[in-house]
Protein chains: 2
Amino acid sequence: MRKESTMTPPVGQDREQAARRGRPGYDQESLLMVCVGVFNEHGFDATSMGMLADALGITKSAIYHHVKSKDELLSLSLDRALSRLDRVMEQARQAEGTTRERFELLVRGTIRAVIEEKPHVTLLLRLRGNSPVELEAMNRRRAMTRELEARFEHAQREGGVRTDLSPRHLTRFSFGLINSLVEWYRPERDDPDQVADAAVAMLCDGILLPNGNDE
Amino acid sequence: MRKESTMTPPVGQDREQAARRGRPGYDQESLLMVCVGVFNEHGFDATSMGMLADALGITKSAIYHHVKSKDELLSLSLDRALSRLDRVMEQARQAEGTTRERFELLVRGTIRAVIEEKPHVTLLLRLRGNSPVELEAMNRRRAMTRELEARFEHAQREGGVRTDLSPRHLTRFSFGLINSLVEWYRPERDDPDQVADAAVAMLCDGILLPNGNDE
DNA sequence: GTCTATACTAAGATAGAC
DNA sequence: GTCTATCTTAGTATAGAC
């Protein structure tokens with residue numbers, strides 16, 4: 001059994017440490033991180049409890065000591081992603097300055113959140129709505145999209161953003177560009193600040209040189 | 001059995017029509033379209049043959065008359081997506097004109113392809129590499145990404161594209177913006193030309209007004 | 001081209017010992 | 001906190017009748 005247990009359960013020497021700080025075997029947090037990694041590698045639905053057990057180096061049934069179900073693992077992960085993104089939106093609401101400054105703050109904040117919570121955000125962005133847990137998370141995410149759309153509309157009226165594009169398309173394409181991070185960002189290859197600079201530059205000013213050549 | 005068969009199998013009156021044109025029951029093409037729709041709704045792995053059977057209005061076993069396996073359905077769909085995208089790349093290779101003109105051609109071609117073959121492209125973009133079929137399709141797609149990256153590098157040397165962003169980031173973010181279409185494009189809400197215009201505008205020139213306001 | 005019936009395998013989850 | 005053993009359900013796929 002247990003074909004590819006790469007990770008040895010971090011058995012603790014120092015127990016008796018006020019309940020949820022030590023880690024005799026796994027605690028819920030460390031277990032969650034391993035599971036989310038496997039979810040993202042194969043997709044949530046393609047991941048069986050057996051595969052999780054293999055990655056954890058324990059048996060299927062041992063997982064149920066930490067969580068009630070596979071869905072609870074998903075729920076815990078999605079909550080982390082959503083609460084992190086909520087904080088970004090809250091920060092954006094309170095921001096002041098020019099349109100560009102406020103937009104830049106939002107973009108950079110979102111990118112930081114996506115990078116720092118990448119495993120959880122990845123899971124969030126790939127939901128299909130197959131369970132109540134997924135549906136609720138998708139609703140929370142949808143609310144953020146709508147809020148950004150309203151923000152774009154406002155910025156257009158204020159005159160900071162071009163008005164030849166609909167708020168819908170501005171929103172969807174902007175999120176599309178940023179969210180693609182979960183599909184290709186790798187800490188070894190990509191510097192977070194450089195990535196954020198590139199996203200801001202592309203979104204604000206595009207990729208062509210102002211004095212475009214005519215060959 | 002068969003709880004929500006919305007689609008009645010299109011039983012044909014006019015048979016004997018040269019093998020693969022008529023449709024007594026389903027032919028492979030019409031069956032594929034229904035199945036791919038279900039795959040995209042729930043995700044490939046979360047879709048069982050039973051769900052396909054329900055959507056088709058036939059039984060599970062009847063599906064095996066048309067295809068050897070669930071994986072063959074996936075393979076047929078991915079082939080359609082990839083061959084369509086291959087044609088876009090081929091067209092881009094032969095294009096002439098300014099950097100902007102050639103870039104615009106590529107963007108518009110890709111967007112047309114994504115929209116016109118949306119179900120198949122959607123499936124392609126969501127692969128996790130869980131089977132040989134998926135891995136091979138991902139390789140073909142990766143080749144296209146690399147080709148675009150080389151194109152960006154070339155355009156930077158020629159002077160048409162800003163050089164403060166790496167080809168990698170230009171490529172990934174551009175594809176991210178465009179590919180997001182599969183997640184939100186809806187024919188009833190979005191006009192294809194308007195969507196393409198918006199993508200070109202954002203990618204080439206960004207979203208801010210040239211004469212940005214300082215409030 | 002589709003059906004019923006069924007073989008076979010793996011899934012998520014639980015009980016109770018250690 | 002993890003184990004073995006097991007329950008139950010659902011999965012893909014096949015055989016053979018109509």
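Each chain gets a letter, A, B and so on, in the order the sequences are listed, and its residues count up from 1.
Every residue two or more places apart in sequence or in another chain that forms a ring pair (Phe, Tyr, Trp, His ring centres under 6.0 Å) with A:Phe152 is listed here: A:Phe103. For B:Leu105, the side chain to side chain contact (heavy atoms under 4.5 Å, CB included) test picks out B:Gln91, B:Ala95, with sequence neighbours left out. Residues forming a salt bridge (charged side-chain N to carboxylate O under 4.0 Å, His left out) with A:Glu96 (at least two apart in sequence, or on another chain): none. Shown here are the side chain to side chain contact (heavy atoms under 4.5 Å, CB included) partners of A:Leu106, two or more places apart in sequence or in another chain: A:Val88, A:Met89, A:Ala92, A:Thr110, A:Leu148, A:Arg151.
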Exercise answer: donor-acceptor pairs, residues 190-204 of chain A side-chain atoms, under 3.5 Å, sequence neighbours excluded:
unit_1: A:Asp190; atom_1: OD1; unit_2: B:Arg168; atom_2: NE; d: 2.8
unit_1: A:Asp190; atom_1: OD1; unit_2: B:His169; atom_2: NE2; d: 2.9
unit_1: A:Asp190; atom_1: OD2; unit_2: A:Arg186; atom_2: N; d: 3.0
unit_1: A:Asp190; atom_1: OD2; unit_2: B:Arg168; atom_2: NH2; d: 2.8
unit_1: A:Asp191; atom_1: OD2; unit_2: A:Asp193; atom_2: N; d: 3.3
unit_1: A:Asp191; atom_1: OD2; unit_2: A:Gln194; atom_2: N; d: 3.0
unit_1: A:Asp197; atom_1: OD1; unit_2: A:Arg108; atom_2: NH1; d: 2.9
unit_1: A:Asp197; atom_1: OD1; unit_2: A:Arg108; atom_2: NH2; d: 2.8

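Rounding to whole angstrom units, CG of residue A:Asp71 and C1' of C:dG12 are separated by 11 Å. Counting to the nearest Å, the P atom of D:dT2 and the CD atom of A:Gln28 are 13 Å from each other. We find that CG of A:Leu73 is positioned 15 Å from C1' of C:dA11, with the value rounded to whole Å. What separates NZ of A:Lys68 from P of C:dA13 is a distance of 10 Å, to the nearest Å. Between the CG atom of A:Leu52 and the C1' atom of C:dG12 there is a distance of 11 Å, given to the nearest Å. When rounded to the nearest whole Å, the span between CD of A:Glu72 and C1' of C:dG12 equals 14 Å. The distance from atom CG of B:Asp45 to atom P of C:dA10 is 16 Å, rounded to the nearest whole Å. If you take CD1 of B:Ile58 and P of C:dC3, they are 6 Å apart, rounded to a whole angstrom.
Between A:Thr59 and D:dC3 there is a side-chain N or O to OP1 or OP2 distance below 4.0 Å. Considering only side-chain N and O atoms, B:Tyr64 lies nowhere under 4.0 angstrom from the phosphate OP1 or OP2 of D:dT14. OP1 and OP2 of C:dT2 both lie 4.0 Å or more from every side-chain N or O belonging to B:His65.
Under the 4.0 Å criterion applied to side-chain N and carboxylate O atoms, A:Glu134 and A:Arg141 are not assigned as salt-bridge partners. Between B:Arg93 and B:Glu147 there is a salt bridge, with a side-chain nitrogen of the basic residue lying less than 4.0 Å from a carboxylate oxygen of the acidic one.
The A:Ser61 side chain lies nearest to D:dA5 when the options are D:dA5, C:dT4, C:dT2.
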All N/O contacts under 3.5 Å from nucleotides 9-11 of chain D to the protein, with atom names and distances to one decimal?
unit_1: D:dG11; atom_1: OP1; unit_2: B:Ser48; atom_2: OG; d: 3.4

